[in-house]
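Keep in mind that the numbers below use all heavy atoms, side chains included, and drop hydrogens, waters and symmetry copies. Owing to the predicted nature of the structure, the values given are computational and were not obtained by experimental measurement.
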Amino acid sequence: MNRKERTVLITIIIDLSLIAFKFWLANSSGSLALRASALHSITDAAIGGFVLVGLFISRREAAGQTGHGVSVVENWVALAVAAAIFYVGFDIVSEVLSGESPELKNLGPITLASLVTVGVAYFIARYKLYVGRQTNSPALIASGYHSRMDIYASIVVVAGLAGAALGLPNLDRAAAA
């Protein structure tokens, strides 16, 4: 396994830990925004898996060991990731538009704890960009820029939680959307 592949594998493992942490925070608070963020992180991990597969295929092609079924597998993986992203988006929008606001609780400590997600997103983005530039990997650089967007999404979630903690519970729903 080369440096690029190790980097993606490490960030997938971090993403999986982040998913569990976000779901725990969402269950502890009732926050739609945290639940949406956790579901979004699942797609991030799936995209990381797709990038990892792409790096493995690229390495095989560079070594001249390409098989005929490689592009078919890659296309099916891309379709599965796209379907998952569509489903997650549909599920989140359906829940936000359902009109039922969940009871929010423990917002002070949950808001502070969710700041960790911003820091982790920052680390993942910087790490992918650093290694991508060091190894001249367009796939890793693109993945790093995608992860950079997760920083902003995490900030929106924290802002929604902070607003809800200050008495504006609809900000959690807005952040989820």
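Taking all atoms of both residues into account, the shortest heavy-atom contact from A45 to L16 is CB-CD2, 4.2 Å. Taking every heavy atom of both residues into account, K105 and I110 meet most closely at O-CG1, 4.4 Å. Annotation for R6 and M1: closest pair NH1-O, 2.9 Å, computed over non-hydrogen atoms. Nearest heavy-atom pair, A176 versus A36, reported as atom, atom and distance to 0.1 Å: O-CB, 3.9 Å. Summarising the geometry of G48 relative to V8, their closest heavy-atom pair is O-CG1, 3.2 Å, with the distance given to 0.1 Å. Among all heavy-atom pairs drawn from A164 and L104, the shortest one is CB-CD1, 3.7 Å.
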Residues 136-143, side-chain donor-acceptor partners within the protein, below 3.5 Å, at least two apart:
from : atom 1 : to   : atom 2 : distance (Å)
S137 : OG     : L140 : N      : 3.2
S143 : OG     : K128 : NZ     : 2.9

Ignoring hydrogens and angles, write down the donor-acceptor pairs under 3.5 Å from the side chains of residues 26-33, residues two or more places apart or on other chains.
from : atom 1 : to   : atom 2 : distance (Å)
N27  : ND2    : F23  : O      : 3.3
S28  : OG     : W24  : O      : 2.9
S29  : OG     : L25  : O      : 2.9
S29  : OG     : S31  : N      : 3.2
S31  : OG     : A33  : N      : 3.2
S31  : OG     : L34  : N      : 3.0
S31  : OG     : D172 : OD1    : 2.5

### Message
Would L129 and R148 count as a side-chain contact (heavy atoms from CB on, under 4.5 Å) here? Give the steps.
### Response
CA-CA 9 Å; L129 288 169; R148 185 183 279 177; 3.4 Å; yes
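A side-chain N or O of K22 and one of S41 form a donor-acceptor pair less than 3.5 Å apart.
For F123, the ring-ring contact (aromatic ring centres under 6.0 Å, His included) test picks out Y127, with sequence neighbours left out.
Linking Ile, Leu, Val, Met, Phe, Trp and Tyr whenever their side-chain heavy atoms come within less than 4.5 Å leaves V156 and I124 in two separate clusters.
Taking the side chain as every heavy atom from C-beta outward, V158 and I155 never approach each other to under 4.5 Å. You'll find the side chain of T117 reaches within 4.5 Å of the side chain of L18, heavy atoms only.
Between atom CG of residue D44 and atom OG1 of residue T11 there is a gap of 9.5 Å, rounded to the nearest 0.5 Å. The distance from the CG atom of L112 to the CG atom of L107 is 11.0 Å, given to the nearest 0.5 Å. For the atom pair NE2 (H40) and CE (M149), the distance works out to 9.5 Å, reported to the nearest 0.5 Å. Here CG of L161 is found 10.0 Å from CG of L171. Values are rounded to the nearest 0.5 Å. With rounding to the nearest 0.5 Å, the separation of CG in D15 from OG1 in T43 is 9.0 Å.
Counting non-hydrogen atoms of neighbouring residues, nucleotides and ligands closer than 6.0 angstrom, the CZ atom of R3 exceeds 12 such neighbours.
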